[in-house]
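All values below were derived from every heavy atom in this structure, side-chain atoms included, with hydrogens, water molecules and symmetry-related copies excluded.
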Amino acid sequence: MRLEIRDLAKTYPNGVRALDRVSLTIPTGMFGLLGPNGAGKSTLMRTLATLQEADAGSAKLIGVDGGGDIDVLRDKDAVRRVLGYLPQDFGVYPRVTAEDLLDHFARLKGVVDAKARRETVRALLQRVNLFAVRKQKLGGFSGGMRQRFGIAQALLCDPRLVIVDEPTAGLDPEERVRFHNLLADIALDVVVILSTHIVSDVADLCNHLAVIDAGRVLVAGEPDALVADLRGRIWRKTIDKSDVEAIKSRVRLISTRLQAGHTVVRAYGDGAPPEPGFEPVDPELEDVYFSSIAGYVGEAVDVPAVAA
Amino acid sequence: MTSAFWAIARFDFVQRLKMVSTWLYLVLYAVLAGLWIAAAGGAVRGVGVSFGGEKILINGTLALGIAIGIVGFIGITVIGSVTGRAVQQDFDVGIHPFFFSAPISKRDYFFGRLVGAWATLVMIFAGVAIGIVIGSHWPGVDSARIAASPSVQSFVRPYLFVLIPNVLWLGGCFFVLAALTRQMAPVYIAGVIALVGYLFAVNLLSDMENKTLAALIDPSGSTAVDVFTRYWSVAQKNEQEIPLAGVILWNRLLWAAIGTIVTFLGYRAFRMESVAPTLRRRAKKKVVEDVEGEAVGTASAHATPLPHAVPDRSAAAYARMLPGLARLYLGEILKSPRFLTIVLGGVLLVIGNAATLGSFYGTNTYPLTYKVLDVVAGLFNVFVLIVTAIYTGELVWRERDARMDDIADSMPAPTWLAFLAKFATVIVLQVVLLAVVMVCSIAVQLLHGFTKIEIGQYLMQLFVLQLSGDILLAVLALTVHTLVDNKYVGHFFVGIVFLVLVQLPLFGFEDRLYLYGSAPGLIYSDLNGWGHFLPAFFWFRLYWLAFAAVLMVGSYALWVRGREARVAARLRNAAARMRAPAWAIAGTAAVVFVATGAWIFHNTHVVNGFVGREDARRLQADYEKRYKQFAGAAQPRVTAVDVSVDLQPERLLARISGTLTIANKSDVPIRDVYVLYPRRARAQKIAFGVPATLADEASEMRWHHYVLAQPLAPGAVTDFRFDLEYGAQGFANDGADPVVLGNGTFLNPGLTPETSLIPSFGYGADGELSSDRDRKEFDLPPKPRMPDLNDKQQVMQNALTRDADFIDYRAHFCTSADQLPVTSGYVVKDVTENGRRCIDYRMDSKMTHVFSFVSARYAVRKDVWHGPQGDVAIEIDYHRGHEYNLGRMVAGVQDALAYYTKHWGPYQHKIVRIVEFPRFSRGGGFAESFPNTVPFNEAIGFTAKVDDRDPDDIDYPYFVTAHEVAHQWWAHQEVPANVQGDEFITESLSEYAALMVLKTKYGDAKMHRFLKYELDRYLLGRGTESKQEQPLVRADGAAYVHYQKGALTLYALQDAIGEAAIDDAISSFLRKWKFAGPPYARSVDLLAEFRRVTPQPLQPLIDDLFETITLYDVRAVSAAAKEQADGSDAIELVVSARKVRADGSGKETEVPFDGEVDVGALDAHGSVVALEKRRVKSGENRITLAVAKGGAVRAGIDPLGKLIDRDDKDNTVAVTR
């Protein structure tokens, strides 16, 4: 099974081109969609989740459950039946308990049988570690707990397409790890799209990724391969803070960081150091991200076909 | 204040100026005020807006005062919104930490925000003045009702005294609420409470005793203005500036004090802290402790696989979810404080009003189910509307407001599930509210000790008739909220749509075929139940419900799911969403809509012509323009009536046929005869005893012009035979024809041309337009209400009928076997056979040419009065179940007959019959007198609840009965001429007569109590005069003159000259004019008798009482008691006296006062301990009065209030020793 997105485009009424001919092939497993704020990630997520219309292009879920294909854009009802969606910014009914609301969603997703529903709700709450507080009102949940609840409702009824939009923004380190564990459990024969601007999330979890900015896919592929591509092209130098502006105009700077009080800059250089004083370093995924955002690498590259 | 204060106030004000909502509010108020004024001025046929009569200038001082006050108060939610949000939004968006951690003082922040909000409101309410100015000059406003240059003061004063103080204190209270609770909900709740307080006060005002209380508790101040100006004449209401004095001042001080106290207390309690302290004690948000769980990378949780649940996504499965989902939505609403407050507000209002249910002369009626429903359901309906409007919006936006819409919309549940569940929730809310209405009403009945609870009627009225209409409104609200993509704008538009729907008929759009949700009115009567009016009602309901179903399908199709709300996207989604079932529903509904529409059109336009109000007025104008020229033509006069009425109640059909004997009593031959009979009559036969041809006919104007082949010579007599059919044929836009009913048919009451079912002859002025404003619209000159006192032609006509003097009467009245047919006369034959009952009536002496036919399933109570010249039978025909006051009515007849026979002359018939008829019949609440028959409305008298132990209760069934019996003398023995002052003879004498009967039975105290009511209503009536007030001798139809003033003045005369003298005058008058034919008696003839028996020094009193409009102003200044040698007290009274004469519009001039007036003293209970007549002159008078030692507590002039004085509370003062 895979999700084929071809030339998806959307322009908002105020002229902003949120999606500019986005094409991606997303296999089963964890797929990371990286991009800065305003890149078009959420628009893409919402379009796939049947909440928004695209102006042009297509998205098809191919080979669902060994059977047919689903036209994601046209056949909304069919998509919703196999969808699990965790939006970026959502609320909950504050005066309802976790168990009751999850039960309600289970019912909405079509679990008619009360006994089956009870079982699945319990299991999911246990999976996301909210079982102990299942009878508490959602209004009192912390951010991390609310996110876990969110993923629980997304996982109801064996979804085949799971879309998770910026799930760890605002979570503390411990909560983030827990969330990652939850996600990691899903991915076997399900397409999971995780959109985020936190590079390490993708590094930890995803076996495929794409970088998107201003509505366009900049790079796509497997993390290791993309990082390997950058070997020998990333350089590092420690400089004075006051020199940052000056150096920007001379080299292809990709990031500026503070390390133990010193300013360390990384730059892109094809084969040779961008200027004297730079030393070569092993590239990381973050370098892939910053380089493509800066425009030094990348054109949309299709992930090579993988056995479904 | 420091600069931080000004910075905050200015910032807020400027920000508000930039917001669209601010300008929207200003426009809204301008529109409201403008509509209000324009409606009052006649641009809109608005009924609800009256400042009291047509002569009140709509931008006169009083009108402006009321308009500015009320419209300003209606905006209570706006005040709440602006001031509440001014502070609450800081907490809402979470910006308050910035302010609280900045170096500004609490005073700057608190008052800065408050002043900024106040300034915004003052600006917004300037819209009211703008609207008034524009509205006054709107096309269509009667220019006679605008003051050419209204004084600036008349605008400024209401603003300064009423509106701005309201804004300030209300705004302060709302601000405090929002600041302390950091929520908007309490603000809305407070708004509802304030509105309830206002409505409560308005209703208390109807009960005389509580005027001052009502004036004080009305937070808007407009009741205080109303009370203060209650007795102002028309002239005063237009010109006199409203002062800040009396009740108005107290009201303003009271509420300003409340506002100030609340604001300062709130200021003290306010804390500039991030978390609001104690005020949020109730549900402290419980923070849930997170669970200790695995930290990094342990795999224990994912060992267990998730259970596999097989989903059922069929339509049936989701359909089963509908009740549960609705229950989910409902639960949250029913528990919310906002909803509970609205319900509470409604309940309070109802209970408050229930206390004075259907008051009449201060006496209540039994809380019959229909009566209670009238009051309760009417009041509560506003709340049902509010709840429908608000909660439809809240439900439509529920997921979006909770930011759960992304999750919910991506679920596989079908769109129709949430859609229908939300709609069902609104309907259930309506049902809940109606159930509350029912419970409240039953509680009211039980509280009054009334146990006849008619559950069936409750269920029908509330859950069938009313609910069907409320459902239609819910659909409308749902449609608006679906189409409009913003909750608050949606609320706004729902409000506008509801408003427009109500207003459209007033603008001349009356056809219910295009007024969404309308249906003809229904009135329930104990006699007739819902009657045959139901089918028309249900047709219209079906029609609009079908349309509503189409709207529902449309809303479903255009429902917003997901983020796309733009039109193009919605249409695309709609196309995908509309599948076979939806099309089937829409299609079926459309077919039903068109089919019922066609059927309704057939009934309301084809079978019964559609006549809108404007068309009806045009017909009246045309009638006058075309046919008034024939007004003076000699016409035959009826001398005998032989009528046959064939009533079939079960078929709702009546056939009235018969022969009128007509004679030419003029001295010219008559060739052209103008025959008039109602539009709705279906003439089967019209024929004269001599050959005649129909020369001209205009049925819609009731006009049929016949030409006799041989003119009828002077003195000649011939026949006129007619056969007319009446009865429901389908239904009209306003419902089925109310003439023939299943039970309680009342035919030929003759109050309007359309209810005179027997043909009449000659041009009738009663078919003309009477309102001067209406006449002007059709270029007709204004006309006086009655012909002039000295009109030589009209003195030859009697006031009751224009085409007859006295007649012989005979009737054959048939109805169904289970009903009793009643008309004037004596029963000659009574036969029941073949399911029909026929009674022959005959009047054994001449009578006036007025008679009616009443038929119902009556119970009969018989009694008798033993008179000096024989017995008179008494019969009351009433609806079984209405036995409450039969005894009182019988007593009323007996005592009335006794008094009138003794004091004036014998009764001319041998029976008095009282007949009950349904409450909605032509004329509303009245009783009328026909020869020996008195039809009595079911809602007056029959269902009155008189508490004999309560000194304030007047036995009005008794009183009204006595009044109607008196009419047998004054109207049927003595018939006045058709000129001004005729009602002085008929109504004033009858009212006085009833007063005397009341006094004889209940004593002086009750009588004085009653006169107090009469005085209040007379003074009130003066302020609502639409033409000119006339003195009694020229009384021209104004009820407050011939009833109220009549009773007051005749009693005053009796008090001055003694009962024997007045009886002498009245009986002499009766002897001279009894059964006298043309020329007829006039008021001056009666006055001549009064003058004859009045001693010379008292003659000016006759001028004061009857020939002029005279008002007195007597006042006790001081009363000092000095002990005398013989043990008595001598009270030295200082009193001031003043007398004014008023012209027709209320302009007053002082005239010298010189007459005899009561002076006296009262004890602690208000009973008289001394009363003497003393000579009193204009200005200050010193009078010494002797009373028993210590007996007098208060003393003064006219202590019993016999004079027409606008303020009789100042007649006495406490006695000082």
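- Interface remark: B:N573 contributes side-chain atoms only to the contact with chain A (heavy atom separation under 4.5 Å).
- Proximity to chain A at a heavy-atom threshold of 4.5 Å picks out B:R561, B:G562, B:R563, B:E564, B:R566 from residues 560-568 of chain B, in numerical order.
- Of all the listed residues (A:Y85, A:Y93, A:F131), the one sharing the greatest number of non-hydrogen pairs under 4.5 Å with chain B is A:Y93.
- Neither the backbone nor the side chain of A:L48 has a heavy atom closer than 4.5 Å to any heavy atom of chain B.
- A salt bridge between A:D77 and B:R579 is present, with a side-chain N of the basic residue lying under 4.0 Å from a carboxylate O of the acidic one.
- Taking the salt bridge (charged side-chain N to carboxylate O under 4.0 Å, His left out) definition, one finds that B:R320 meets it with nothing, sequence neighbours left out.
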| query | Under the side chain to side chain contact (heavy atoms under 4.5 Å, CB included) criterion, do A:K109 and B:M411 qualify, and how do the steps go? | reply | CA-CA 6 Å; A:K109 281 209 176 176; B:M411 293 268 162; 3.5 Å; yes
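- Distance check: B:I407 CD1 to A:F149 CZ gives 7.5 Å after rounding to the nearest 0.5 Å.
- If you tally non-hydrogen atom pairs under 4.5 Å between each of A:V111, A:D158, A:T50, A:V133 and chain B, the highest count goes to A:D158.
- Interface remark: A:L124 contributes backbone and side-chain atoms alike to the contact with chain B (heavy atom separation under 4.5 Å).
- In this structure, chain B has heavy atoms under 4.5 Å from both the backbone and the side chain of A:L108.
- Contact check for A:H104 versus B:M321: side-chain heavy atoms found under the 4.5 Å cut-off.
- Counting all heavy atoms, side chain and backbone alike, B:D409 lies closest to A:R80 at O-NE, 3.3 Å.
- Across A:R122, A:R74, A:E119, A:R148, the residue that shares the most heavy-atom pairs under 4.5 angstrom with chain B is A:R148.
- With a 4.5 angstrom heavy-atom cutoff, A:F105 touches chain B via backbone and side-chain atoms both.
- For the residue pair A:R107 and B:Y318, no side-chain donor N or O sits within less than 3.5 Å of a side-chain acceptor on the partner.
- Ion pairing between B:D406 and A:R46 fails under the 4.0 Å rule for side-chain N and carboxylate O.
- Atom CD of A:Q153 is separated from atom OG of B:S410 by 6.5 Å, given to the nearest 0.5 angstrom.
- The 12-atom threshold is not exceeded at CZ of A:R17, counting heavy atoms of other residues, nucleotides or ligands nearer than 6.0 Å.
- Within the 4.5 Å cutoff, the side chain of A:C157 has heavy atoms near those of the B:R313 side chain.
- Here CE of B:M404 is found 9.5 Å from CZ of A:F90. Values are rounded to the nearest 0.5 Å.
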